[in-house]
Amino acid sequence: MVQSKILVIGAGGVGSIYGWRLQIGGAHVSMVCRSNFRTIKDVGFHISSKKYGDGSFLPDMVYSSAKDAFEDDQKYDYILVCTKSLPNIMNPADVLKGCKFAEGTVIVLVQNGIGIETYFHDAFPQNRILSAVAYIDTKQSKDGLIEHGERNDLSFGLYMPNKLEFYTDQNRKMCNDLVDCFIAGGAGAKVSENIQRERWFKVIWNSSFNPISVLAGGSNSTELLNMDGMENMIKDTMLETISIGEAVVKMPLSNFSNEEIFGMLIYPLRGRVPPVYPSMLVDFENKRPMEHEVILKNVINYADELGVKTPNLKVIYQLILAVESKYLK
Ligand SMILES: *[C@@H]1O[C@H](CO)[C@@H](O)[C@H](O)[C@H]1NC(C)=O
Ligand SMILES: *[C@@H]1O[C@H](CO)[C@@H](O)[C@H](O)[C@H]1NC(C)=O
C-alpha cells in the first residue's frame, strides 16, 4: 500500500492525538504548529493517554504556517483541519489561505457544529471534503504536553452539498484509506452513510450543555444539574435541537426515544465525579472566543429557514453573544 501523506492543521489536543495515531498507523504526518512551534520542532509532543499509555510523537515534518507546508511543492493526500470554527472572527477556511494544493487533495474537517463545511466548500470548490465527527477527550495542558482520556472514535462522511454526489468507488476508497490508517493506529474509525445525521446528534449536547453552563454563572455539570428546574430547561433545549435536526436531515436523528437520549446525554452526569466542564465554559473562563456560530447560530438559521420554533436557542445565543462581548476586544 502507498503511504498516505497527511498534513494536520491545528496542533492542540485533538490534532496531536490524530497525528500521533496516524503516524503509528503508517502515514507520513506533517503538522502546522503555531504557538507551540519551537517546542514541537525541538522535542515533539509528550502524550499521557489513558487509552494508549504514555508516548511521544515527533511529526515527520513541523511547520510554523500552512503556507510553509506547501513550499517545495509538497503534496498531501489529506489535510486534516483540527482548529476551532469561529466564523465570526475569521473565515475558518483561511487556515489554508494562499496554499496551493491539487484537486485530488482531500480536506478532512474535524470540527464541531453545523455548517462547518460550507466555508471550505466555498473557498475550495474543487476539493472533496470529508466531514468528521469526533469523540475524543483531550487537551494540551502546556506547550507540547497532551493529556488524553479513554476515547478516540471518529465517523467520516463525504460532504455532499447538493445531494447529487454519492459514494462512487473512488470516494469510498478515499474514505476507507483514511479509516484504515486510523484503525491501524488504534483509533475507532468508520465511514458513515449519513454524516450530517451524526453531526446533528452530537450538537444536541453541544448546543444545550455548553452555553447553559456558561450562562448559569459558569457552572460545572454537577452544579448545573443540582439547580432547580435546570435539567428541564436543558431537556427543552435539546428537544429544540432535535426538532431542527430532524427537519434538516428528514429523519429521526437516532433510533432512540427522547427519554433514552436524555438517559445517554444527561442522567450519567448527575453527580458524576469529576464533573464535566463543557468546552465553552473552559473558553469562557479563559476569556477565549466561544464557538457560538457553528453550535448555535447555524442551528437557528436552519430553524428559521424551515419554520421550526426555537425560542430557547434564540435567547441562549443572544445572551452568549452578550457575555462574550464583555471580555472579547
Ligand atoms: C461538544 O461536545 C463534546 C462532547 O460530546 C466535547 O468533547 C466538545 O468539546 C464539545 N464541543 C464544543 C465546541 O462545545
Ligand atoms: C463543581 O462546582 C462545585 C460548586 O461550585 C464546586 O464545589 C466543585 O468544586 C466543582 N468541581 C470541580 C471539580 O471543580
Side-chain angles (χ1 to χ4, degrees), residues 10 12-17 35-36 45-55 82 84 86 111-113 134-153 201-241 259-292 294-296 312-313 315-328:
V14 174
S16 57
I17 296 292
S35 55
N36 57 4
F45 293 94
H46 282 273
I47 300 169
S48 154
S49 164
K50 291 207 175 104
K51 183 176 172 76
Y52 303 109
D54 293 355
C82 304
K84 288 200 160 174
L86 298 163
Q111 297 176 313
N112 283 305
Y135 299 89
I136 182 167
D137 47 333
T138 170
K139 64 169 194 239
Q140 179 160 234
S141 43
K142 79 184 233 235
D143 275 7
L145 282 188
I146 308 291
E147 287 168 36
H148 173 234
E150 314 264 3
R151 286 203 78 180
N152 188 12
D153 297 297
F201 190 82
K202 189 170 182 199
V203 93
I204 298 171
W205 196 90
N206 285 113
S207 62
S208 52
F209 247 95
N210 264 297
I212 292 173
S213 66
V214 174
L215 296 174
S219 305
N220 63 44
S221 58
T222 305
E223 263 186 299
L224 205 56
L225 293 175
N226 279 336
M227 291 172 182
D228 269 351
M230 192 58 86
E231 190 172 298
N232 280 333
M233 187 191 155
I234 293 171
K235 286 180 177 174
D236 288 344
T237 309
M238 287 186 169
L239 292 176
E240 288 184 11
T241 302
E259 189 53 28
E260 284 170 323
I261 293 177
F262 300 149
M264 295 161 70
L265 302 183
I266 301 179
Y267 306 150
L269 301 183
R270 289 176 179 159
R272 180 182 184 276
V273 184
V276 170
Y277 275 81
S279 63
M280 249 187 209
L281 177 54
V282 177
D283 288 336
F284 165 73
E285 286 180 346
N286 291 292
K287 298 191 165 27
R288 292 192 299 241
M290 297 183 280
E291 285 184 291
H292 44 68
V294 294
I295 301 279
L296 295 166
N312 282 18
L313 285 175
V315 171
I316 286 170
Y317 173 63
Q318 211 55 49
L319 293 178
I320 279 288
L321 286 187
V323 167
E324 189 186 62
S325 74
K326 293 271 184 183
Y327 66 80
L328 268 197

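Order of appearance sets the numbers: ligands from 1, and atoms from 1 within every ligand.
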**Student:** If you have a sec, work out which protein heavy atom is nearest atom 12 (C) of ligand 2 and how many Å separate them, to one decimal?
**Tutor:** Y277 OH, 3.4 Å
**Student:** If we set the cut-off at 4.0 Å for heavy atoms, which region of P274 has an atom near ligand 2: side chain, backbone, both, or neither?
**Tutor:** neither
**Student:** Using only atom types and a distance under 3.5 Å, with no angle test, would you say the side chain of N206 pairs donor to acceptor with the backbone of I295?
**Tutor:** no
**Student:** Hey, which atoms in ligand 2 end up nearer than 4.0 Å to a heavy atom of E223?
**Tutor:** 2 (O), 3 (C), 4 (C), 5 (O)
**Student:** Could you check whether any side-chain N or O of K235 sits under 3.5 Å from a backbone N or O of E259, counting only pairs where one atom can act as donor and the other as acceptor?
**Tutor:** no
**Student:** Check whether any side-chain N or O of E291 sits under 3.5 Å from a backbone N or O of N112 as a donor-acceptor pair, and report yes or no.
**Tutor:** no
**Student:** Assess the side chains of H148 and S49: does a donor N or O sit below 3.5 Å from an acceptor N or O?
**Tutor:** yes
**Student:** Which of these, T222, V276, N220, has its nearest heavy atom closest to atom 10 (C) of ligand 2?
**Tutor:** N220
**Student:** Answer yes if a protein heavy atom lies under 4.0 Å from atom 2 (O) of ligand 2, otherwise answer no.
**Tutor:** yes
**Student:** Do E223 side-chain atoms and N220 backbone N/O form a donor-acceptor pair below 3.5 Å?
**Tutor:** yes
